[in-house]
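Computed from a predicted structure; not experimentally measured. Hydrogens, waters and symmetry mates play no part in the numbers below; they use all other heavy atoms, side chains included. Note on naming: letters A, B, ... go to the chains in the order of the sequence lines (proteins, then strands), and numbering restarts at 1 for each one.
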Number of protein chains: 6
Amino acid sequence: MRPSGRAPDQMRAITIEPHFTRHAEGSVLIGFGDTKVLVTASVEERLPPWLRGKGEGWVTAEYGMLPRATHTRGNREAAKGKQSGRTQEIQRLIGRSLRAVTDLKALGERQITLDCDVIQADGGTRTAAISGAWVALRLAIDGLMASGKLTTDPLTQKVAAVSCGIYKGNPVLDLDYDEDSNADADANFVLLENGNIAEAQATAEGATYDEEALLRLLRLARMGCQDIFRAQAEAVK
Amino acid sequence: MRPSGRAPDQMRAITIEPHFTRHAEGSVLIGFGDTKVLVTASVEERLPPWLRGKGEGWVTAEYGMLPRATHTRGNREAAKGKQSGRTQEIQRLIGRSLRAVTDLKALGERQITLDCDVIQADGGTRTAAISGAWVALRLAIDGLMASGKLTTDPLTQKVAAVSCGIYKGNPVLDLDYDEDSNADADANFVLLENGNIAEAQATAEGATYDEEALLRLLRLARMGCQDIFRAQAEAVK
Amino acid sequence: MRPSGRAPDQMRAITIEPHFTRHAEGSVLIGFGDTKVLVTASVEERLPPWLRGKGEGWVTAEYGMLPRATHTRGNREAAKGKQSGRTQEIQRLIGRSLRAVTDLKALGERQITLDCDVIQADGGTRTAAISGAWVALRLAIDGLMASGKLTTDPLTQKVAAVSCGIYKGNPVLDLDYDEDSNADADANFVLLENGNIAEAQATAEGATYDEEALLRLLRLARMGCQDIFRAQAEAVK
Amino acid sequence: MRPSGRAPDQMRAITIEPHFTRHAEGSVLIGFGDTKVLVTASVEERLPPWLRGKGEGWVTAEYGMLPRATHTRGNREAAKGKQSGRTQEIQRLIGRSLRAVTDLKALGERQITLDCDVIQADGGTRTAAISGAWVALRLAIDGLMASGKLTTDPLTQKVAAVSCGIYKGNPVLDLDYDEDSNADADANFVLLENGNIAEAQATAEGATYDEEALLRLLRLARMGCQDIFRAQAEAVK
Amino acid sequence: MRPSGRAPDQMRAITIEPHFTRHAEGSVLIGFGDTKVLVTASVEERLPPWLRGKGEGWVTAEYGMLPRATHTRGNREAAKGKQSGRTQEIQRLIGRSLRAVTDLKALGERQITLDCDVIQADGGTRTAAISGAWVALRLAIDGLMASGKLTTDPLTQKVAAVSCGIYKGNPVLDLDYDEDSNADADANFVLLENGNIAEAQATAEGATYDEEALLRLLRLARMGCQDIFRAQAEAVK
Amino acid sequence: MRPSGRAPDQMRAITIEPHFTRHAEGSVLIGFGDTKVLVTASVEERLPPWLRGKGEGWVTAEYGMLPRATHTRGNREAAKGKQSGRTQEIQRLIGRSLRAVTDLKALGERQITLDCDVIQADGGTRTAAISGAWVALRLAIDGLMASGKLTTDPLTQKVAAVSCGIYKGNPVLDLDYDEDSNADADANFVLLENGNIAEAQATAEGATYDEEALLRLLRLARMGCQDIFRAQAEAVK
C-alpha cells in the first residue's frame with residue numbers, strides 16, 4: 001500500500017556514520033533511507049554580542065539543501081541571496097529541539113552551531129537533521145569534556161525526531177518523498193527519550209484531521225523514535 | 001494566578017471591526033484583548049506565473065508588525081531589507097490555514113492575498129491574524145459572489161486559531177505577552193468549526209511536556225475557538 | 001469643480017486620535033479625509049554610534065504604507081527587500097521637518113523615532129504624517145518632562161504640512177488621490193506656527209508653473225496649516 | 001564674505017565639454033567650478049515592460065558619485081549593495097526635470113537614460129547633473145533626428161538647475177561645499193528658459209526662512225540659470 | 001620537507017566515487033587527499049532566456065563550501081545573502097574549464113549545471129571540483145546518449161586541473177592547506193588530455209616569481225593531471 | 001590584420017594624466033587607446049577591524065564601470081544591488097597586484113584604497129587599472145613621505161599589467177574590444193620592472209592553447225610593460 005512496500009509503522013533504514021568529516025568538533029552523516037544529511041557541530045569559545053554576559057551558552061542550527069539533493073535542481077540559496085521561509089523555519093526548529101535537551105548554563109559561555117546540509121533528499125530531511133544533530137552535539141560535547149573544558153555534561157538526554165502523516169487515509173510513519181508530496185496531513189514530532197514532547201507539529205495538506213488521528217500519529221512517532229534512539233546510542237558508543 | 005486575573009480557560013475580549021479600511025475587497029480590525037491586527041483581503045484577477053493554467057486559484061498571506069507595535073521598538077523589516085524567519089513562518093502558517101477552508105477550484109484563476117499587519121501586540125498575533133483573515137476573506141468572497149464573478153461559494157467553513165500554553169505549570173488559554181514570554185510551552189491550534197484540526201503546533205520553551213498536556217491544550221483551544229467562531233459569525237452577519 | 005466638491009481653499013476633515021496605541025511613548029492616528037496615518041514616537045535613551053558624544057539628541061522618521069492602503073495592492077517593501085526611492089524621500093522629509101522645531105541639545109543624548117505607517121491612502125500621506133508626527137512627538141516629550149527626564153522643553157513650536165497643487169488650471173488645497181494623480185503641479189509645504197517655512201517643494205507634473213502660481217500655492221498652504229495647528233492644539237490639550 | 005570670494009549672485013565658472021566619451025549617443029562633462037559631473041545619454045529602442053504600449057517614450061536618470069569624488073572617501077554603493085536615499089532622491093529629481101521639457105509622445109516608444117556620475121564634488125552636484133543632462137539629451141536627440149529616427153524634435157526647450165541658499169544670513173547663488181555644509185537653508189531650482197519653474201525645493205537646515213527669503217533665492221536662481229542656458233547653447237551649437 | 005612528507009611532484013591520493021547521489025544525471029565524490037568535493041551534473045532541457053535561440057547549449061557551474069568544511073567555521077553564504085568574490089571567481093573558472101571541452105552546438109538547446117560543493121577542504125578545492133566535474137558531466141552525457149537524446153558526443157576530451165606552488169622556495173605539486181596558506185606563489189592549471197592548456201593562473205602571494213618558475217609549475221601540473229586523467233578514465237569505465 | 005591596423009607587438013597609445021581630480025591623495029586618468037580609467041588612491045589612517053594590530057598596513061582596490069562606458073549600456077551595479085562576479089574578480093586582482101610591490105610593514109597601520117572607475121571601455125580595463133593604480137599609489141605615498149608620515153618608502157618597485165591574446169591564430173599585444181570579443185585565448189600579465197611576474201592568467205576562450213603560445217604571450221606582455229613602465233616614470237617625475 002505504501003509506495004515503498006513498508007508497513008505503516010515501519011521506519012526506513014536508519015544509518016549513522018559518526019566522524020564523517022575531520023575538521024568539525026562533531027560530525028555525522030545520517031540517513032533515513034535515501035535521505036542523507038551531513039551534520040557538523042562547531043564549537044566556538046565565544047558568543048555573538050547579544051548573548052554575552054548571561055553566564056550561559058547557546059546552541060543554534062543552520063540548514064541547507066544542496067541544489068541537486070532533490071529530484072529536480074533547486075536554485076542555490078547563496079546565489080539567490082536569501083534563505084527561503086522553509087529553510088528558516090526548519091533551522092529554527094532544529095535549534096529549539098537541541099536546546100530542549102541542553103542545559104545552557106552548564107554549557108558555559110560558548111556557542112555550538114549545528115550545520116545540517118542535505119546531501120540527498122527523500123522526505124524527512126528536518127527530522128533526520130534533528131536526529132543527527134544530537135549525535136554531532138554529543139560528539140562535540142564529549143570532546144569538550146575529554147579536554148577538561150567542561151566537567152558537567154550539559155546534554156540532559158537524547159532527542160530524536162520523525163515525520164508521520166496520513167497517506168491515502170492511513171496514518172504512516174516516516175514519510176518518503178512520494179508519500180510526503182501526496183499526504184493529506186503531515187506531522188513532525190520531536191521527542192525525548194523519557195517520552196516527553198519537545199515539539200509537535202501536524203499540518204493539514206489535503207484534508208484536515210481529527211483528534212484521534214493526531215494521537216495515532218504521535219503513537220507512530222514514538223515507535224520511530226525508539227529506533228532512532230537505539231541507532232544514536234550505537235553511533236556514540 | 002494569571003497576570004491578567006483571567007480564568008485558565010478564559011479568552012480575552014474578542015473584538016472584530018469589519019470594513020475597517022475602504023480600498024480592500026475585505027478588511028477587518030481584529031482584537032484579542034490588547035492585540036490588534038488589521039487584515040485586508042485583496043482580490044487580484046490574475047495569478048503569479050507559476051500558478052497559472054491549473055484551473056484553480058490561490059490564497060496567500062503576508063504578515064508584518066509595525067515597528068512600535070511592541071513594548072520596545074523593533075527594526076522595520078523593510079529597512080533591514082529582509083523578513084525575519086519568524087515573519088516568514090507566520091505568514092506561511094496563515095496562508096495554509098485559510099487554504100484549508102477554501103476550495104481553490106471553486107475560487108477560479110484568481111488570487112486573494114491576506115495582509116495581516118499587527119498594529120499593537122500583546123501575544124497571540126498570529127492566531128488573531130488567522131481568525132481575522134477568515135473574516136476578511138469571507139467579506140471579499142461575498143463581494144465576488146454579489147458581483148456575479150463567483151456563483152459557488154469557495155469558502156467551505158469557518159477557521160479560527162488560538163494560542164494556549166503551560167504557564168507556571170498550568171495549561172491556560174490565549175496567552176498574553178506576559179504569559180507568552182514566561183511559558184514553559186506554547187501552542188497554536190488552527191481549528192475548523194466542524195471540530196477538525198488544520199494545524200497543531202506545540203513547542204517546549206522552558207520545559208518539555210507530555211501527551212496529557214498536549215491534549216489539555218487542545219481542549220482549551222477548542223473552547224477558545226468556539227468564542228471566536230461566534231464573533232466571526234456576528235461580524236459577517 | 002473639485003471631484004470632492006470642496007472649495008479650492010478647503011481642507012478635508014482633519015481628525016486626530018491621540019494615544020491610539022499603548023506601547024509607544026507618543027502615538028496618534030491622524031486623518032486628512034480618507035487618508036489615515038498611524039504615527040508613533042519611540043524614545044530610546046541611547047543614540048546610534050555615529051551620533052554619540054556630541055551632547056545632543058536626534059529625531060528621525062520612518063515611513064511605510066500597508067500593502068493595501070491603496071486602491072490596488074502594492075508589494076510589501078519588507079518582502080521586496082528594499083524601500084523604494086519614494087519611501088526614502090518621504091522619511092527623510094519627515095525627519096527634517098520635525099528636527100526644524102526641535103532643539104537637539106535640549107533633547108539630550110536620546111533618540112526619538114517617528115514611525116509613520118499609512119493605514120489608508122487618499123493623497124497627502126506625507127503631509128498628514130508630518131502633521132501627526134508633531135502630535136506624537138509632543139506627547140512623547142510631555143512624558144519625558146512629566147517623568148523629570150527633561151526639564152527644558154526641546155520642542156520649540158508647532159510644525160504642520162499640507163499639499164496643494166494646480167488641478168485643471170486652478171490652485172487647490174489638500175489634494176486627494178483623484179486630484180493628485182491628475183494635477184499639473186503638486187507641492188508640499190512644511191510650515192511653522194510663526195509663519196516661517198521649513199520646507200517648500202513644488203514639482204511640475206503635467207505642466208510647469210510660474211512664480212505667481214508658486215506664491216498662490218504657498219498662500220493656500222498657510223490657510224490649511226492654520227486648521228492643522230488648531231487640530232494639533234486640540235489633540236494635545 | 002563667501003569663502004570663495006564670490007559676489008552673492010555670482011556663479012562659479014561653468015564648463016561644458018560635449019562628446020566627452022565615445023560610446024554614448026550623447027555625453028558631456030559639465031563643471032560648476034570644482035564640481036565635475038559626467039553625463040551620458042543612452043538611447044534604447046525599447047521600453048521596460050511596464051511602459052510599453054502607451055505610444056510614448058520615457059526619459060529616466062541614474063546618479064552616482066565615485067567613492068573619492070568627495071573630500072573623504074565614501075563607500076561605493078555597488079559594494080554596499082544599495083543606493084542611499086539621497087541618491088534615489090537625486091535621480092528621481094533629474095528624471096522629472098528632463099521629462100518636464102520632453103514631449104514623450106513625440107519621442108516615440110524608446111527610452112533615454114541619463115547617467116550622471118560625479119567625478120569630483122564641491123557642492124551642487126545635482127544641479128550640475130540636470131544642467132549637463134540637458135546637453136547630453138540634446139545631443140542624443142540630435143543624433144536621432146539626423147538618422148531619421150525622429151522627425152519632430154521632442155525636446156521642447158532648455159532646462160537648467162542651480163542651487164542657492166542662506167549662508168551666514170545672506171542669500172547666495174551656487175553654493176560650494178564650504179557654504180553648503182554650513183548653510184541655514186539651501187534650495188534647488190529647476191527652471192525653464194521661458195521662465196517657468198519645473199521644480200522648487202527649499203529646505204531649512206540650520207534655521208527656517210520666510211517668504212521673502214524664498215523669493216530672493218528664486219531670483220538668484222533665475223540669474224544663475226541665465227548663465228547656464230548660455231553655456232548650454234554654446235555647447236550644442 | 002613538505003608537511004605531508006610527499007615528494008615535490010607527488011599528488012595526494014585521488015579518489016573518485018561516481019554515482020555518489022541518486023537524483024542527479026551525473027554525480028561524483030572526488031577526493032584529493034582530505035579535500036572532498038561532491039559534484040552533481042543536472043541536465044535541464046531548457047535554457048535561461050538570454051541563451052535561447054542560438055542553436056546551442058550551455059554548461060555552467062556553481063560552487064559552494066559547507067560552513068564547516070574548513071578548520072574553523074565560515075559563515076554560510078546563503079545566510080549572509082551573498083556569494084563571496086572568491087566563490088564567484090571559482091565558479092566562473094569551473095564553468096569555463098568544462099566549456100573548453102564541450103561542443104555546445106552538439107549539446108543542443110539544453111543546459112547542464114555542475115554543482116560543486118566542498119564537503120571537506122584541505123587545499124585545492126577548485127581543482128578537485130574541475131576534475132570531478134568532468135566525471136559528472138561525462139556521466140550525464142552518457143545518460144543523454146543512452147536515452148537517444150544525443151547522438152553525437154559533445155564532450156571532446158578530458159579536462160583536469162591541479163594546483164601547484166612555490167613552497168619554501170621549491171616548486172611543489174598539489175598544495176594542501178598547510179602549504180597553500182604559506183606558499184610564496186600558487187598556481188592553478190586546467191589542462192586537456194592532449195596537452196593543451198585551458199587555463200593557467202599563477203599568483204604571487206609572498207614573493208613574485210620568474211619565467212623559469214612558471215614553467216616548472218606547469219611541468220608539475222602536467223604530471224599531476226596525468227594521474228587525474230587515469231583516475232577519471234577508471235571512474236567512468 | 002588587426003582591426004586597428006596595429007603590429008602584433010604594438011601597444012595602443014598610453015596616456016597618463018596625474019592629479020586628474022583634487023580630493024584624493026593620488027589620482028590619475030590612464031588611457032590605453034580608447035580605454036580610459038580614473039584611479040584614485042585614498043589614504044585612511046585607520047584599518048578595518050580585522051586588519052588591526054598586526055603592525056602593518058593594507059592596500060586594497062575597488063573597480064567599477066560607468067554604465068555607459070561600454071558600447072551598449074550596462075546596468076548600474078549600485079542599482080542592481082550587487083557587484084558582478086567579474087567586478088569582484090577584477091578588484092581582487094588589482095589589490096593583489098599592488099600589494100606585490102608594497103612593503104605592508106613599512107606602510108604602517110594605514111589603508112590605501114585604489115578606486116578604479118572605467119570612464120570608457122575598449123578592452124584591457126583591468127590592466128589599465130593596475131598600471132594606473134601604481135601611479136596613484138606612488139603619488140599618495142609621495143605625499144605621505146613629503147608630510148613626514150612615512151620615512152621609508154614602502155613601494156618597492158613598479159608594477160604594470162597588459163593583456164594579450166591569440167587573435168585569428170596570432171599572438172597579439174594589448175587587445176582592444178574588437179579583438180577581445182573574438183579572441184581564441186586571452187591573457188593578462190602583471191609584471192614587475194625587474195622582470196618578475198606577479199600574476200599570469202591565460203584563458204582559452206574559443207580554443208585551447210599550447211605551452212609555446214603561453215610563452216609568446218608572456219614575451220609580448222614584457223614588451224608592452226616596458227612601454228608602460230616608461231609612461232609611469234614620466235608621469236610621476
Chain B contact via [X] - side chain, backbone, both or neither, heavy atoms under 4.5 Å:
X	answer
C:Y177	neither
C:T70	backbone
C:L66	side chain
C:T40	side chain

Problem set entry | Residues B:D122, C:R22: salt bridge by 4.0 Å N-O rule | no
Problem set entry | Test: B:R68 and C:D117 ion pair at under 4.0 Å | no
Seminar exercise, completed: Closest heavy-atom pair, C:R73 versus B:D115, reported as atoms and distance to 0.1 Å, is NE-OD2, 2.5 Å
Exercise. B:H23 and C:A69: which non-hydrogen atoms are nearest, and at how many Å?
Worked result: CD2-O, 2.8 Å
For this session: Answer yes or no: is there a donor N or O on one side and an acceptor on the other, between the side chain of C:H71 and the main chain of B:A24, under 3.5 Å?
Result: no
Seminar exercise, completed: Looking only at B:A121, B:S27, B:A41, the option with the highest number of non-hydrogen pairs under 4.5 Å against chain C is B:A121
Seminar exercise, completed: Most contact-rich option vs chain B, by heavy-atom pairs under 4.5 angstrom, among C:R76, C:E62, C:K36, C:E25, is C:R76
For this session: Sort B:Q83 into side chain, backbone, both or neither according to what part of it lies under 4.5 angstrom from a heavy atom of chain C.
Result: both
Exercise. NZ of C:K149: more than 12 outside heavy atoms within 6.0 angstrom?
Worked result: no
